Amino acid sequence: MDFSLTDDQRAIEDAARAFAEAELSPHSARWDEEKHFPTDVLRKAAELGFAGLYVREDVGGSALSRLDACIVFEQLSSGDVTTAAFLSIHNMASWMIDRFGSEELRRRYLPRLTRMELIASYCLTEPGSGSDAAALRTTARKAGGDYVLDGAKAFISGAGVSDIYVVMARTGGEGAGGISAFVVEKGSPGLSFGAQERKMGWNAQPTAQVNFDDCRVPEANRIGAEGEGFRFAMAGLDGGRINIASCSLGGAGFALDTARAYLDARKQFGRALSEFQSLQWRLADMATELEAARLMVRRAAHALDQQNPKATQYCAMAKRFATDAGFEVANQALQLHGGYGYLKDFPLERIVRDLRVHQILEGTNEIMRVIIARELSR
């Protein structure tokens with residue numbers, strides 16, 4: 001086993017880190033405060049290939065590996081967790097079109113998606129079916145050369161701002177086998193959006209309900225065959241889970257570095273806090289948890305790249321462990337700052353708020369345990 005990065009991966013890591021330091025970190029507090037969605041900066045990220053990380057090159061993608069993508073998202077999240085996490089969602093939606101869509105669909109949308117001239121959202125969760133995603137009720141019925149969609153999707157990142165929506169809807173009977181996937185364009189008749197959600201974190205990206213009321217979508221916008229949509233959605237989530245785990249690593253790594261610098265500078269009882277052994281041990285445990293999480297995430301990414309039969313299990317394990325560890329490390333970093341950690345003048349409270357949702361989205365960590373247990377019983 002070789003845990004070192006290749007020269008190309010180090011170059012990718014350096015590029016992502018430099019972008020985070022120059023374009024994300026200086027603005028992250030203001031974006032959070034003002035609830036600003038930085039589409040101009042997202043398009044700058046696209047110029048570096050970060051909007052089509054594992055999309056094929058013939059439509060403008062970077063054709064990188066899942067491991068490469070994890071490296072990118074960890075570095076970007078050290079600058080701004082929310083923006084990096086949205087890029088992960090955009091990449092997931094684009095990959096589904098690239099991997100499962102028709103050639104016509106790929107060429108119609110992906111060149112603009114990889115440049116982020118178009119922004120994409122992923123629509124699976126519904127008001128009545130969150131963890132039980134296969135129970136979704138949004139329907140898509142054939143009407144001539146179109147499908148007509150009715151229903152609603154909840155907690156959709158980019159809702160109202162994104163240009164296209166990759167939507168899972170029921171074309172057949174109950175269960176996973178009755179679900180198909182569609183690309184729905186913003187501006188389609190019958191497509192509307194709810195009010196923006198007021199959230200604890202992830203304030204630098206919009207989140208709202210997406211509504212379909214006799215929303216007509218051309219049959220050509222179906223991704224793959226009827227009844228395959230749930231399989232496509234789950235395949236997208238395998239990658240999405242390790243990406244969001246990487247975002248937890250980046251945010252928590254920044255929190256750890258911030259805590260180390262604070263303990264060096266802050267004096268109590270005539271000594272720097274970093275000289276107290278109990279606090280040294282706290283930092284040691286935080287660093288160890290992050291390193292263990294990083295190894296799990298990269299192991300899962302490698303399994304996905306190699307199409308390992310256990311990839312889904314490894315992705316669920318990595319997501320569960322890394323998002324729990326990332327939140328705990330950020331929370332401990334806030335604690336080490338004492339009262340200052342609770343102030344918005346310091347970045348820790350924002351990191352804690354932004355990382356908390358990673359334990360919920362892309363499948364809650366309770367559902368990750370269900371997936372792991374199911375795979376173990378096979």
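Here the structure is a predicted model, which is why all the values come from computation and not from measurement.
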Counting C-beta onward and ignoring hydrogens, is there a side-chain heavy-atom pair between Leu237 and Tyr122 closer than 4.5 Å?
yes

For His90, ring pair (Phe, Tyr, Trp, His ring centres under 6.0 Å) partners two or more places apart:
none

Give the minimum heavy-atom separation between Leu348 and Ala330, together with the two atoms involved.
CD1-O, 4.2 Å

How about Val167 and Phe212: do any of their side-chain heavy atoms sit closer than 4.5 Å?
yes

Pairwise side-chain contact, Phe321 with Asn365, heavy-atom cut-off 4.5 Å (strictly under):
no

Run the side-chain contact (heavy atoms from CB on, under 4.5 Å) test on Glu328 and Met286 for me, step by step, so that the C-alpha distance in whole Å, both residues' side-chain angles and the decisive distance to 0.1 Å come before the verdict.
CA-CA 8 Å; Glu328 183 58 27; Met286 293 159 69; over 6 Å; no

Expected output: side-chain Arg356 to main-chain Phe327 donor-acceptor under 3.5 Å:
no

Just wondering, do Val72 and Phe50 contact through their side chains at under 4.5 Å, heavy atoms?
yes

Face-on cation placement of Arg216 at Tyr147 ring, 6.0 Å and 45° thresholds:
no

Do side-chain atoms of Arg30 reach the backbone of Lys35 as a donor and acceptor pair under 3.5 angstrom?
no

I'd like to know whether Arg137 forms a salt bridge (Lys or Arg N to Asp or Glu O under 4.0 Å) with Glu174, so could you lay out the CA-CA distance, the side-chain angles of the two residues, the decisive distance to 0.1 Å, and finally the verdict.
CA-CA 9 Å; Arg137 309 311 304 169; Glu174 296 296 315; 3.0 Å; yes

Should the pair Glu219-Lys142 be classified as a salt bridge under the 4.0 Å nitrogen-to-oxygen rule?
yes

Tell me whether the guanidinium CZ or amine NZ of Arg66 lies under 6.0 angstrom from the six-membered ring centre of Tyr54 and within 45° of its axis.
yes

Matching residue for Asp98 among Arg106, Arg108, Arg107 - test: salt bridge (Lys or Arg N to Asp or Glu O under 4.0 Å)
Arg106

Name the orientation class of the two ring planes belonging to Tyr340 and Phe346 (parallel below 30°, tilted from 30 to 60°, perpendicular beyond 60°).
tilted

Any side-chain heavy-atom pair from Val184 and Cys215 closer than 4.5 angstrom?
yes

Less than 6.0 angstrom from the centroid, inside 45 degrees of the normal: does Lys186 satisfy that with respect to the ring of Tyr165?
no

With sequence neighbours left out, write down each residue that passes ring pair (Phe, Tyr, Trp, His ring centres under 6.0 Å) with Phe86, or none if nothing qualifies.
Phe37

Check: Ser94 and Thr114 side chains under 4.5 Å, non-hydrogen atoms:
no

Close side-chain approach of Asn91 to Phe73, heavy-atom, < 4.5 Å:
yes

So which heavy atom on Ala133 is nearest to which on Leu124, and how close?
CB-CD2, 4.0 Å

Testing Lys319, Gln359, His358 one by one against Asp324 for a side chain to side chain donor-acceptor pair (under 3.5 Å), which residue passes?
Gln359

Taking the side chain as C-beta and beyond, is there a heavy-atom pair between Leu42 and Glu23 under 4.5 Å?
no

Rounded distance [0.5 Å steps], CG in Leu24 versus CZ in Phe19
5.0 Å

Working note: Arg17 + Asp14, criterion salt bridge (Lys or Arg N to Asp or Glu O under 4.0 Å); need CA distance, chi angles, decisive distance, verdict.
CA-CA 5 Å; Arg17 183 186 302 113; Asp14 290 344; 3.0 Å; yes

Do the side-chain N and O atoms of Glu126 and Thr138 include a donor-acceptor pair separated by under 3.5 angstrom?
yes

Parallel, tilted or perpendicular, judged at 30° and 60°: which one describes the rings of His36 and Trp31?
tilted

Within 45 degrees of the axis of the six-membered ring of Tyr314 and under 6.0 Å from its centre: does Arg299 put its NZ or CZ there?
yes

Side-chain donor or acceptor of Ser188 paired with backbone N/O of Leu191 under 3.5 Å
no

